[in-house]
Amino acid sequence: MNIHKVIIPVAGWGTRSLPATKNIPKEMLPVYNKPVVQYVVEEAIASGLNDVCFITNRDKNVIEDHFDHNLQLEAVLERAGKTQQLEVIRRVATMINCISIRQKQQLGLGHAVLCAKEVMSGDEAFAVMVGDDLMFGMNPGIKQLIDVAQSERLSVIGVMEVPQEHVSRYGIISGTEISPGIYQVEKLVEKPKIDEAPSRLAIVGRYVLSSSIFKHLESIAPGHGGEIQLTDALQLQANTQGLLAVKIHGMRFDTGDWAEYLTANIYFALQEEELRDDLIRHLRPLLPFG
Ligand code: UTP
């Protein structure tokens, strides 16, 4: 099973991040010195996924532009002898092959994935990475799923344990642990009430899916919140072809949530040796125990 294509849905309205996202896609908000979506793309590349299909809307052209050349800026940097910056922007322009497909109505994550049906050729399995979810660890999050999908020849979704009080924000699974951290999925519930969640294993924004997901997406009615839910199509996949969940090792930041977005900024800035001491010096007096 060769997996080299990834769908990155970025067509949502980003209402939780208003007013910042009134005219800027939330996937383009910076985390330290890069837009959110660049971290997602870098995780894809580190996992062997170089062919990217962005699912966009009419206001998101800037995402595609970010991964293309800006010849005028390159010329300016070249003339000014700013070779390091020139290299940085040229690297971004050449890191992926990308296409984009418009999701003309924001009918949910499942609908966004379905928009890519025509460009995901034949029976090929592919990855889906949600464009505002950042993951970091020794092994890229999506690579952890690809390894299991390739050895088990099944669709695989990424999960992480969340506190009980947060289960209503996620799709939650239940299943049988068939080896450490790997579950045969039985049930998936989108945003359950706290006392109705079948577990604390939350679906996070990483998936490796077989092409049969498209026929399931076409067959389902709108679910939770009136949206075409990927979770509902995955339930059909679990009932028929089978579905595995892998507990992803690493850190995750949902950048659509302000506290997590700001934490991600601090986390990445702290990794920069030149910035770390200054940042700590500025932060310390602001903290209650500073
Ligand atoms: P979210 O659940 O974060 O929704 O989508 P959202 O609409 O973008 O944001 P809020 O909740 O209003 O703040 C998760 C991912 O799925 C994409 C989003 O762009 C985001 O990357 N998405 C969501 C789509 O591409 N299309 C949709 O119809 C919905």
Side-chain angles (χ1 to χ4, degrees), residues 6-31 35-44 52-64 66-67 98-117 119-120 126-135 141-142 157-160 162 166-172 188-192 202-207 209 213-214 217-218 220-234 252-262 264:
V6 57
I7 300 172
I8 304 185
V10 291
W13 285 108
T15 54
R16 285 174 296 160
S17 310
L18 285 168
T21 49
K22 183 167 172 261
N23 283 308
I24 299 169
K26 72 172 162 183
E27 299 82 4
M28 286 303 288
L29 295 179
V31 165
V36 166
V37 68
Q38 188 174 329
Y39 290 91
V40 177
V41 163
E42 285 174 350
E43 180 189 331
V52 175
C53 173
F54 289 115
I55 309 299
T56 66
N57 67 36
R58 56 181 299 119
D59 298 321
K60 305 254 180 166
N61 291 339
V62 66
I63 295 176
E64 243 186 300
H66 183 70
F67 295 100
C98 77
I99 58 166
S100 71
I101 295 180
R102 291 273 179 102
Q103 184 189 24
K104 295 180 184 172
Q105 279 181 290
Q106 279 48 66
L107 300 178
L109 180 60
H111 180 259
V113 171
L114 184 55
C115 290
K117 181 184 170 199
V119 300
M120 292 291 139
F126 55 87
V128 176
M129 298 171 74
V130 165
D132 61 350
D133 230 342
L134 302 188
M135 278 178 208
I142 193 68
I157 60 175
V159 292
M160 281 182 167
V162 297
H166 291 174
V167 290
S168 311
R169 300 179 188 178
Y170 296 92
I172 301 289
L188 305 93
V189 194
E190 186 60 33
K191 300 190 173 68
I203 306 171
V204 290
R206 301 291 182 267
Y207 312 80
L209 301 174
I213 196 69
F214 293 124
L217 283 167
E218 280 169 331
I220 56 173
H224 189 276
E227 295 188 340
I228 302 287
Q229 295 287 354
L230 184 55
T231 308
D232 295 341
L234 290 168
R252 167 180 179 265
F253 302 104
D254 169 8
T255 59
D257 174 276
W258 281 122
E260 293 192 35
Y261 170 78
L262 294 167

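Below, all heavy atoms of this structure are taken into account, side chains as well, without hydrogens, waters or symmetry copies. Note that ligands are numbered from 1 as they come in the structure, with each ligand's atoms numbered from 1 the same way.
- Residue nearest to atom 4 (O) of ligand 1, selected from Q106, K26, R169: K26 (by heavy-atom distance).
- Atom 7 (O) of ligand 1 has W13 N, 3.3 Å as its closest protein atom, hydrogens excluded (heavy atom only).
- Inside a 4.0 Å radius of atom 2 (O) of ligand 1 there is not any protein heavy atom.
- Under a 4.0 Å N-O distance rule, the pair D257/R16 does not qualify as a salt bridge.
- Under 4.0 angstrom from ligand 1, the non-hydrogen atoms of A112 all belong to its side chain.
- Checking only distances, S17 never comes within under 3.5 Å of ligand 1, N or O to N or O.
- Screening Q105, Q106, Q103 for a side-chain contact (heavy atoms from CB on, under 4.5 Å) with N57, the sole residue that qualifies is Q106.
- Atom 24 (C) of ligand 1 has G12 N, 3.4 Å as its closest protein atom, hydrogens excluded (heavy atom only).
- Residue contacts with ligand 1 for E27 involve side-chain atoms from C-beta outward but no N, CA, C or O (heavy atoms, distance under 4.0 Å).
- Contacts between D133 and ligand 1 below 4.0 angstrom, taking non-hydrogen atoms only, are absent altogether.
- Residue-environment remark: CD1 (I24) stays at or below the threshold of 12 foreign heavy atoms within 6.0 Å.
- The environment of W258 atom CH2 is dense: over 12 non-hydrogen atoms of other residues, nucleotides or ligands sit within 6.0 angstrom.
- In this structure, D133 and V40 approach most closely via the heavy-atom pair O-CG2, 3.7 Å.
- The option with the heavy atom closest to atom 16 (O) of ligand 1, from among T15, D257, L109, I8, is L109.
- For atom 28 (O) of ligand 1, the closest non-hydrogen atom on the protein side is G108 N, 2.8 Å.
- A11 N, 2.9 Å is the protein heavy atom nearest to atom 25 (O) of ligand 1.
- Residue G256 places no heavy atom under 4.0 Å from ligand 1.
- Looking only at heavy atoms of the protein, atom 26 (N) of ligand 1 is closest to Q103 OE1, 2.7 Å.
- Here CZ of F54 is found 10.5 Å from CD1 of I99. Values are rounded to the nearest 0.5 Å.
- In terms of protein heavy-atom proximity, atom 11 (O) of ligand 1 is closest to R16 NE, 3.2 Å.
- In terms of protein heavy atoms, atom 21 (O) of ligand 1 is closest to P9 O, 3.0 Å.
- With ligand atoms numbered from 1 in the order given, ligand 1 contributes 14 (C), 15 (C), 21 (O) to contacts under 4.0 Å with heavy atoms of V130.
- A distance-only check finds no donor-acceptor pair linking the side chain of D132 to the backbone of T255 [under 3.5 Å].
- Q105 does not count as a contact of ligand 1, since none of its heavy atoms falls under 4.0 Å from the ligand.
- In this structure, the side chain of S168 engages the main chain of P192 through a donor-acceptor pair within 3.5 Å.
- Remark: K22 does not engage D59 in a salt bridge, criterion side-chain N to carboxylate O under 4.0 Å.
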